[in-house]
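This report concerns only the one structure given below.
Computation of the quantities below employed the complete heavy-atom set of this structure, encompassing side-chain atoms and omitting hydrogens, waters and symmetry-equivalent molecules.
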Amino acid sequence: MIAIILCCLLSVLPYSEQKAPVLSSKGDGELHIYALPVGQGDGTVIQCPNGDVAIVDLGSSTRKHDTIPVLEKKPCKKVKLDDESHYYMKDDELNGFLGDTNIKYVFITHADIDHYNLFAKIDLERLTTVSEAYAGCEESDYNKAMQDWIKILPKTHYNPILDTVVSICSGSKPPVNVKVMAINTDTFNPGCTNSNSMALRLEYGEFSLFLPGDLEEANYQHDADGVITSPTKGLYGEPGVLKIVSDRIIKSTVYRLSHHGAWPKANTPYFLKAVQPQYVFSSSQLPGTSGTYNHPNCDLYYEMIKMIKNKKLPITTYSTDPPQKNYYCGKEKDRYREDENKYGIFTTAAIDNGRLVNYFIEIDSDGTDFQVTPKLWR
């Protein structure tokens, strides 16, 4: 791993040359998944082969990047940013991106505001097509604005039971199923906490995507190989997700890092070994903005790379330039690290010549083959 020594520099296309995509309701016969550049938050849009849309989380606690952070160990001057280009995804871009699609399903992993507050930015007329919503936590755990928004939807299932399967794409063969893999797994700390977040696994033929929300590994004991020896049970008597000692269940082709790439409570080596992803990605809020959490955490990235080198993780290694040449992670309060990337590890934000650059992560699959590509948002 080679640290990049140029301050705040990334070789990408000029900022203005690409614009956010616009989805079409027609569909093209393939499954498309988009991780949106929401900063500190999560937002995943799933477009079915027939063009219909499902959304898993849509929230952000940071809408604008107000200062350029300091590259670790480099005297890079912080600059106040006033240009509109330094926003993460904006409200008009969200509705523009959704195009003329029909939103059929909504999933909210839990009631942290950076997982749901952007739902209210969706144009209300779009909600007439929603069939059902599934939400971790109880209705009272959400703020009043979100409670009012949810009431617009025809049917919402709070705290759906473990192993609930929702077929989200009408007429799709193979089916596109979203399965509840974890919910309320931490009986030692009941309630709407990160460790009780709803975790979802999307299955489409041979392709799979694990979306764990902010799930954290809590109150589990392991042996030296990371096998769960003393799991807890869910509030409703179902076993928690980490009771699954075989990787056949939560093993997934692509993994959205839990809790925005937090470490060490989330994304432990034991959990990563169970998921066995070929690609991982995270939304990212670069340090330097008030309220930053240093997500994704650099120490997690170092751990993943160590596991790749020790052949404990099958994350893709590129022999040529990867589609995102550098990864960006939080190191301290207002410092970040920029490292040469040769792995299938992607983030949704970067610094280019003193400018915030937003990426969206696009995943395309026909149920057999798949491709993961970070692309410039604007």
Side-chain angles (χ1 to χ4, degrees), residues 21-36 38 41-59 89 94-95 97-110 115-136 146 149-150 152-158 160 163-183 197-205 207-213 252-256 281 283 360-367 370 372:
V22 177
L23 303 187
S24 169
S25 61
K26 295 180 180 179
D28 61 4
E30 293 194 355
L31 181 72
H32 302 284
I33 301 166
Y34 304 90
L36 304 181
V38 296
D42 266 12
T44 305
V45 173
I46 302 162
Q47 185 169 35
C48 298
N50 67 0
D52 290 343
V53 161
I55 302 177
V56 181
D57 287 339
L58 192 59
M89 182 185 70
L94 169 62
N95 285 289
F97 164 77
L98 291 171
D100 63 350
T101 58
N102 296 316
I103 302 172
K104 293 294 187 179
Y105 291 93
V106 168
F107 298 86
I108 311 167
T109 58
H110 65 302
H115 287 254
Y116 71 79
N117 65 342
L118 297 185
F119 277 110
K121 306 299 182 181
I122 296 175
D123 293 338
L124 289 179
E125 58 266 24
R126 295 182 180 277
L127 304 183
T128 60
T129 61
V130 175
S131 298
E132 293 179 306
Y134 294 80
M146 190 59 183
W149 187 87
I150 291 175
I152 299 173
L153 308 181
K155 190 174 184 179
T156 299
H157 307 270
Y158 289 98
D163 294 326
T164 294
V165 176
V166 185
S167 185
I168 63 171
C169 297
S170 176
S172 177
K173 294 182 180 180
V176 181
N177 292 331
V178 173
K179 184 175 182 178
V180 177
M181 303 301 296
I183 189 145
S197 179
M198 180 169 65
L200 304 170
R201 184 176 186 267
L202 180 147
E203 303 165 350
Y204 178 48
F207 172 80
S208 53
L209 168 68
F210 198 49
L211 298 164
S252 299
T253 318
V254 182
Y255 174 44
R256 177 167 202 141
F281 66 90
S283 55
F360 66 99
I361 312 299
E362 181 175 341
I363 306 168
D364 308 306
S365 177
D366 61 5
F370 73 97
V372 183

- request: For the residue pair M146 and I108, establish whether any side-chain heavy-atom pair is separated by less than 4.5 Å.
  value: yes
- request: Before accepting this row, confirm whether a basic side-chain N of the pair D42/R256 lies closer than 4.0 Å to the acidic partner's carboxylate O.
  value: yes
- request: For the residue pair L124 and I152, establish whether any side-chain heavy-atom pair is separated by less than 4.5 Å.
  value: yes
- prompt: Does any non-hydrogen side-chain atom of E362 lie less than 4.5 Å from one of D364?
  reply: yes
- request: Look at the side chain of S24 and the backbone N and O of K26, then say whether any donor-acceptor pair between them is shorter than 3.5 Å.
  value: yes
statement: Nearest heavy-atom contact between F370 and S365 is CB-CB, 3.8 Å
- prompt: For E125, does its backbone N or O pair with a side-chain atom of T128 as donor and acceptor, under 3.5 Å?
  reply: yes
query: Quick one: are V45 and L36 in side-chain contact, heavy atoms under 4.5 Å?
result: yes
- prompt: Just by distance, do the side chain of N50 and the backbone of D52 share a donor-acceptor pair under 3.5 Å?
  reply: yes
- prompt: Which pair of non-hydrogen atoms, one from Y204 and one from P49, has the smallest distance, and what is that distance?
  reply: OH-CG, 3.8 Å
- request: Check whether any side-chain heavy atom of V38 sits under 4.5 Å from a side-chain heavy atom of L118, and report yes or no.
  value: yes
task: Check whether any side-chain heavy atom of L58 sits under 4.5 Å from a side-chain heavy atom of I122, and report yes or no.
output: yes
task: Report the C-alpha distance between L94 and M89 in whole Å, list the side-chain angles of each, state the deciding distance to 0.1 Å, and finish with yes or no for side-chain contact (heavy atoms from CB on, under 4.5 Å).
output: CA-CA 7 Å; L94 169 62; M89 182 185 70; 4.1 Å; yes
Minimum heavy-atom distance A133-L153, with the two atoms named: CB-CD1, 3.7 Å
query: Does the side-chain contact (heavy atoms from CB on, under 4.5 Å) test come out yes or no for I361 and Y34, once each step is laid out?
result: CA-CA 6 Å; I361 312 299; Y34 304 90; over 6 Å; no
task: Quick one: pull up CD1 in I363 and OG1 in T44 and give me the separation to the nearest 0.5 Å.
output: 8.0 Å
- prompt: To the nearest 0.5 Å, what is the distance between CG (L202) and CG (N177)?
  reply: 8.0 Å
- prompt: Between F281 and Y255, does the ring centre distance come in under 6.0 Å?
  reply: no
task: Taking D57 for its side chain and T109 for its backbone only, find out whether a donor-acceptor pair lies under 3.5 Å.
output: yes
query: CD1 of I168 to CD of Q47: how many Å apart, nearest 0.5 Å?
result: 11.0 Å
- request: Would you sort out whether V53 and I46 count as a side-chain contact (heavy atoms from CB on, under 4.5 Å), showing the intermediate values?
  value: CA-CA 6 Å; V53 161; I46 302 162; over 6 Å; no
field: Between CZ on residue R201 and NZ on residue K179, distance to nearest 0.5 Å
entry: 8.0 Å
field: CA sep, side-chain torsions, deciding dist, call: V176, L31, side-chain contact (heavy atoms from CB on, under 4.5 Å)
entry: CA-CA 9 Å; V176 181; L31 181 72; 4.2 Å; yes
query: Where is the tightest heavy-atom contact between H110 and S197, given as atom of each residue plus distance?
result: ND1-OG, 3.4 Å
Nearest-0.5 Å distance that lies between atom CZ in F119 and atom CD1 in I103: 8.5 Å
- prompt: Side chains of V106 and E132: does their closest heavy-atom pair fall under 4.5 Å?
  reply: no
statement: Residues P160 and M198: closest non-hydrogen pair is CG-SD, 3.5 Å
statement: To the nearest 0.5 Å, atom NZ of K104 lies from atom OG of S170 at 8.0 Å
message: How close do T101 and G51 get, counting heavy atoms only, and between which atoms?
response: CG2-O, 3.9 Å
message: With a 4.5 Å cut-off on side-chain heavy atoms, are V130 and Y105 touching?
response: no
task: Could you check S208 against T253 for side-chain hydrogen bond (donor to acceptor under 3.5 Å, both in side chains), going step by step and ending with a plain yes or no?
output: CA-CA 5 Å; S208 53; T253 318; 3.2 Å; yes
- request: Would you check if the side chain of S283 reaches a backbone N or O of G41 as a donor-acceptor pair within less than 3.5 Å?
  value: yes
message: Exactly one of Y158, Y134, Y116 should register a ring pair (Phe, Tyr, Trp, His ring centres under 6.0 Å) with F107. Which one does?
response: Y134
